[in-house]
Protein chains: 2
Amino acid sequence: MRPSDLPEIRHLPLFRDMLQANFEQLMQGAYAQSFPEGLMLIRQGDPADFLHIVVEGMVELFAEWKGRSASMTVVQPVGTFILAACIRDAPYLMSARTLERSRIIMIPASDLRAVFRRDVEFAVSTINELATCYRAVVRHAKGLKLRDSRERVAAYLLKRAAQAGQAEFDLGIEKRVIASMLGMTPENLSRALKSLAEDGVRVQGQRVTLWDRARLLPVAQPDPLLDGPG
Amino acid sequence: MRPSDLPEIRHLPLFRDMLQANFEQLMQGAYAQSFPEGLMLIRQGDPADFLHIVVEGMVELFAEWKGRSASMTVVQPVGTFILAACIRDAPYLMSARTLERSRIIMIPASDLRAVFRRDVEFAVSTINELATCYRAVVRHAKGLKLRDSRERVAAYLLKRAAQAGQAEFDLGIEKRVIASMLGMTPENLSRALKSLAEDGVRVQGQRVTLWDRARLLPVAQPDPLLDGPG
DNA sequence: ACATTTGATTGATATTTATCAATTCAAAGC
DNA sequence: GCTTTGAATTGATAAATATCAATCAAATGT
């Protein structure tokens, strides 16, 4: 593991408040590895042995059933994934693969479980992290049930623009992955984006410009209870 | 609060392992109340002040947006709801209403947050509870994305039969609520049930009989990663 | 027991979304 | 620079799902 990784990880909400000694112990048992693009990190159904942290690159979490596949989310640096499975000592519910060359830190699940029994602050951080993740999935499920695909696309674009802090931004993710995350086919996303042209959306390849936010807002009707805070 | 409530609550995974003194303190600050059918207990967006426990009756959690409404889940005795919002001290993501006359215990969120800082066992239980809830929603979202409505209905029926321990059981919930939970219209559910007749499903009002499980299985292809353990 | 209300079902239709096939486009490798 | 590959788009069609309206059934209250 690189020395520069430690402060970044330490700065995460999950590890921010724990005792230094315990943090060091967790990091002692952890190891880092680089993976090429398109590599399967985790296969759903496998036993959850490690908490994963993306320090570089990008990881797609997706689910499979009966030959079908659906993206659930994309994890970007610096972010953790599959905490819940580690805690429950249960099989992973989602598979994970790198979307680009990525560096991943892996912390043995048993270490985690041991440490939050000793360190209240870490326990509280874990509670907060899980509650946050839970709420994120609930919002996602709400979006799937309450909005149609065009509305989901509009909301997604507004969210990304807000994150970028600009009306113009790069998607940074393949459209077919975005489509799957939003619960639709690539063809449907393509058409949805085209039809949103009349609502102030301009798309050229990966580049998106929301040149008339006022027009797009009523389509998406963004709501913190669906799209998250901020 | 009735004296008979305490042992039931104490027996929940969330409260099972904590110190007796802390449990008593939580219960001291809690209060119980009975509500008639159809009453709004919680409105989404309101600040989360209380963890709710259903000791009698049935509560529907649902979400609203732009005049549309979608059921997320139904909570039955003895079960808790909206733990995550309490922990995050954030607005409720879901509304809640009674489906029948219900007795609810309410524990101030601030008490919860205070206690798990003092009681490691309660902290660990909270972590486990949240991880379990998180995984349940992930499975739900997976079902919405990977299965079509007919498959979701089939899987739901098989799950209910497994819970009942019998091939014949009562739904116990209005079909329109079930439909909304499964992400479909009542009409669509009605037709799906009808079409499942040829796959070993017999429905008469609230009564369901799966008289040919072997025929239904390939439709639903139940999977613990989608339908939960057990 | 009857009337009233509400939910469930059914049929007809519209809309949304997926699928399949063909083409265009863009990036990566040689 | 050219070729190759995979992604994105587009068009045509099919399938799934929603909507609307009418009827039927069941539960509730009087």
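Chain letters run A, B, ... following the sequence lines, proteins first and then strands; every chain starts at 1.
Where A:Glu187 and A:Arg147 each meet DNA chain C at their nearest nucleotide, the meeting point lying more 5' is that of A:Arg147.
When the side-chain nitrogen and oxygen atoms of A:Ser190 are compared with OP1 and OP2 of D:dA8, none of them lie within a distance under 4.0 Å. OP1 and OP2 of D:dA7 both lie 4.0 Å or more from every side-chain N or O belonging to A:Lys175.
Under the 3.5 Å distance criterion, with hydrogens and angles disregarded, no donor-acceptor pair is assigned to the side chains of B:Glu64 and B:Ser69. Between the side chains of B:Arg160 and B:Tyr156, a donor-acceptor pair is found at a separation under 3.5 Å.
Contact annotation for A:Glu174: backbone-only contact, meaning every heavy-atom pair under 4.0 Å involves sugar-phosphate atoms and none involves a base.
Across the protein-nucleic acid pair, A:Asn188 atom CG and D:dA8 atom P stand 14 Å apart, rounded to whole Å.
Ionic pairing of B:Asp223 and B:Arg139 is not present here: no N-O contact between side-chain nitrogen and carboxylate oxygen is shorter than 4.0 angstrom. Of the charged side-chain nitrogens involved, at least one lies within less than 4.0 Å of a carboxylate oxygen, so that A:Arg2 and A:Glu56 count as a salt-bridged pair. Ion pairing between a basic and an acidic side chain is recognised when a charged N comes within 4.0 Å of a carboxylate O; A:Lys66 and B:Glu151 show such pairing.
Aromatic rings of A:Phe50 and A:Tyr31 (six-membered ring for Trp) have centroids within the 6.0 Å cut-off, being under it.
Here the range on DNA chain C touched by chain B, meaning any atom under 4.0 Å from one of its heavy atoms, is C:dG7 to C:dA12.
Evaluation of atom-type donor-acceptor distances gives a pair under 3.5 Å for the side chain of B:Arg191 against the base of D:dT19.
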